[in-house]
Amino acid sequence: MTTTTVKNQNQVALTRRQFVVSSALASGGLALGFHFPAAAQSNELSTLGGSEINAWVVVRPDDSCVIRIARAEMGQGTHTGLAQLVAEELECDWAKVSLQTFTPGQNLARKRVWRNMSTGGSRGIRESHEYVRQGGAAARIMLLQAAAAEWKVSVNELSVEKGVVSHAASGKTTSYGKLASQASKLPAPDPKSITLKHPRDWKILGKSPRRLDTAPKVNGSLKYGIDTVLPGMQYAAIKACPVFGGKLISFDASKISSRRGIKAVVRVDDESVAVLADSFWRAKSALEVLPITWDFGPNGKESSATIAERLREGLTSSNNVFADIDQGNVAEAIQGATKKIEAVYGTPFVSHACMEPMNCTARVTADRAEVWVPSQNAEASLAALAAVTGLPLEKCEAYNPPLGGGFGRRGGTQDYVRQAALIAKQFPGTPIKLIWTREEDMTHDFFRPIGQCRLVAGIDAKGDMVGLHLRVSGQSINAHVSPHNIVDGKDRRQLQGYWKDPGESQLGYTVPNLKVEYAMRNTHVPVGPWRGVNTNQNAIYLECFIDEVAKAAGKDPLAFRRNLIKNHPKHLGVLDAVADKGGWDKPLAPGMFRGIAQFMGYGSYTAAIAEVSIKGNGVKVHRLILATNCGHAVNPVQIASQIEGSVAYGMDSLQSESSVKDGRIVEKNFDTYPIARMYQMPKIESVIAPTYDFWGGVGEPTICVVAPAILNAIAAARGGKPVRMLPLKNEGLRLV
């Protein structure tokens with residue numbers, strides 16, 4: 001294994017702690033390493049009764065194969081997809097495959113052989129596919145070498161299928177289980193010498209074998225973080241200042257100390273207080289009546305109205321604005337156009353609303369600290385624990401169970417880990433299980449950023465768009481959670497989907513005169529990645545406006561897009577695929593209306609058609625057709641499942657809002673914060689259109705086209721009147 005240390009004038013060396021913390025935050029990785037002799041390992045990982053061939057593969061005597069997985073599982077199927085990548089190159093029997101996860105401490109002890117453990121940004125497979133497949137291929141090569149040595153033949157004379165190794169000339173056969181012990185002692189092949197399979201030769205990839213995590217979900221045996229139980233455990237309920245940026249002044253513990261089961265009332269930090277009890281219900285109930293004095297500070301005067309005014313100022317101001325794209329002469333083109341179209345769109349703060357609220361169990365002693373936490377980034381959890389306790393990373397550990405929803409909330413923002421560790425420090429040796437109430441979870445989220453967008457276009461006498469000026473005004477995620485990603489005061493992240501560069505979130509339209517700007521207008525409300533992050537809002541702004549421009553030009557929305565997109569074949573490919581599947585050129589039943597949208601995010605190309613009807617103020621979404629080109633389709637059934645889940649999240653964004661009054665979030669639970677219900681879900685048809693020439697994401701890309709396709713159908717049903725300011729209730733509409 002080769003490790004390269006990069007230094008600059010301000011940094012001559014990295015401590016081990018600095019290395020892991022920076023790696024966790026930057027989602028980086030090391031050069032691939034396949035093989036570590038058992039004698040050299042610390043923080044040993046069980047081989048489950050088998051032989052470790054390399055870091056990725058353990059083979060048991062019964063020929064079953066254990067595949068190790070680095071990423072988090074939150075229902076998206078990443079574990080199964082990653083196992084398919086390894087199994088394909090390993091040439092094992094999928095019916096005999098099982099999974100094993102490991103901890104960030106074990107990864108650190110083995111010099112991060114498994115690389116990045118972060119799961120987010122639809123990167124689980126697209127970021128790690130190459131080295132994961134190399135791990136499977138290396139294990140296969142070592143097993144074949146063991147057979148060749150036993151039979152004293154050339155490894156080139158051997159073949160393998162479903163873990164059975166054959167030598168055609170002699171008729172001999174053996175199995176992986178019989179070869180594993182000897183193979184584990186062989187040197188690993190040089191990764192540069194490994195040739196991975198061509199997609200045309202795939203046997204497991206591109207198929208949809210059984211998911212490896214279904215059975216424990218169905219039989220109820222799967223344990224989430226919130227299910228953690230340890231001997232002597234105490235439960236903690238927490239309350240932070242309702243106003244972001246406010247402070248905890250005091251609390252009167254005497255008012256609740258005599259209540260049954262109450263163990264302690266503690267200050268957690270400058271902003272929060274916690275009650276400990278022998279059950280969560282008792283801790284929560286006592287906390288609800290605990291007298292607390294807060295200092296709300298100046299943010300207590302903020303509201304949705306004051307924030308909206310700040311965003312409106314950013315739409316026309318020259319202060320703190322940068323242009324990411326500025327080609328041609330936009331002002332001149334629009335001024336000289338036959339028609340000028342202008343609109344302002346807006347999207348609110350929204351909550352992640354994970355079904356499993358934030359929770360973390362922590363146990364801290366003088367020389368050891370551990371957390372049991374559902375995390376999208378276990379290395380970041382480990383780093384947070386070490387930072388709070390002051391212990392070296394080698395004396396800390398983070399155990400990462402399956403997640404009951406993540407959607408970006410459980411990634412880099414490790415607030416609940418820090419809180420649990422701070423409480424546990426005050427009670428050495430006692431496991432402390434911190435659980436947020438639903439109300440705490442929904443009012444102290446890292447919300448999807450609020451934003452507004454002003455769009456101005458000019459069309460010529462032929463109805464072609466000759467100029468487009470687009471400016472987003474809104475809050476920056478990077479400014480709140482990762483300011484090091486803002487370069488020269490410019491935050492390109494907020495313009496996802498409008499980028500000129502190909503590969504990740506490229507704008508699919510070609511306009512001769514184009515200006516794309518961002519005005520950073522931050523608020524006191526904390527923000528963070530929300531499944532799909534900024535592509536969701538940006539697709540609404542642009543795709544709804546494109547329909548407005550098409551209407552002004554007197555052109556069909558599909559034909560108008562095709563003309564703009566003709567220089568972007570992959571964008572055009574999914575647009576045509578969804579139009580064909582959705583029967584765009586066929587008449588609809590009376591009272592039914594269509595809308596269309598396309599966009600790119602997370603390395604994948606997506607498009608959607610929605611069919612809706614409106615009765616009174618009720619909007620019924622009857623059918624959604626969604627096309628995705630993610631390059632290589634590892635597991636088509638899982639891709640379809642992710643598309644279907646994207647529909648629910650996209651529909652959430654039409655009706656959900658986390659509004660602000662007196663500096664605090666108003667919507668505290670699902671009675672006031674609507675999410676998509678089963679009865680609201682439409683018929684969903686997925687079109688998976690892989691071109692097998694790149695690796696794109698799956699979990700997030702499709703969300704961004706759901707809302708604009710539905711909104712464009714609503715506009716068509718209303719005679720061309722668009723919905724520009726979400727949620728739908730602002731227009732007196734609701735999903736039914």
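Predicted, not measured: the structure shown is a model, and the values here were computed from it.
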Do you see a donor-acceptor pair shorter than 3.5 Å between the side chains of [X] and [Y]?
X	Y	answer
S64	D62	yes
N219	S221	yes
H79	D213	no

Exercise for the section: Using the ring of Y131 (Phe, Tyr or Trp, six-membered ring only), decide whether R115 places NZ or CZ under 6.0 Å from its centre and within 45 degrees of its axis. Expected result: yes

Practice task
Pick out which of Q376, Q414, R410 makes a side chain to side chain donor-acceptor pair (under 3.5 Å) with S381.
Solution key: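 Exactly one option meets the side chain to side chain donor-acceptor pair (under 3.5 Å) with S381, and it is Q414.
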
Look at [X] together with [Y] and state whether they make a salt bridge at an N to O cut-off of under 4.0 Å.
X	Y	result
E52	R110	yes
E370	R363	yes
D662	R664	no

Practice task
Indicate yes or no: at least one non-hydrogen side-chain atom of T80 is less than 4.5 angstrom from one of Q84.
Solution key: yes

Practice task
State, with a plain yes or no, whether a side-chain heavy atom of D415 is found less than 4.5 Å away from one of R409.
Solution key: yes

Handout entry: Residues that Y673 engages under ring pair (Phe, Tyr, Trp, His ring centres under 6.0 Å), provided they are two or more places apart
Key =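 Y673 satisfies ring pair (Phe, Tyr, Trp, His ring centres under 6.0 Å) with no other residue.
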
Practice task
Fit a plane to each ring of H480 and F446, take the angle between them on a 0 to 90° scale, and name the class: parallel (under 30°), tilted (30 to 60°) or perpendicular (over 60°).
Solution key: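 If you compare the ring of H480 with that of F446, the planes turn out perpendicular.
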
Exercise for the section: Flag the pair F244 / H444 as yes when their ring centroid distance falls below 6.0 Å, and as no otherwise. Expected result: yes

Practice task
May I ask you to check whether F102 and W114 place their ring centres under 6.0 Å from each other?
Solution key: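 Yes.
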
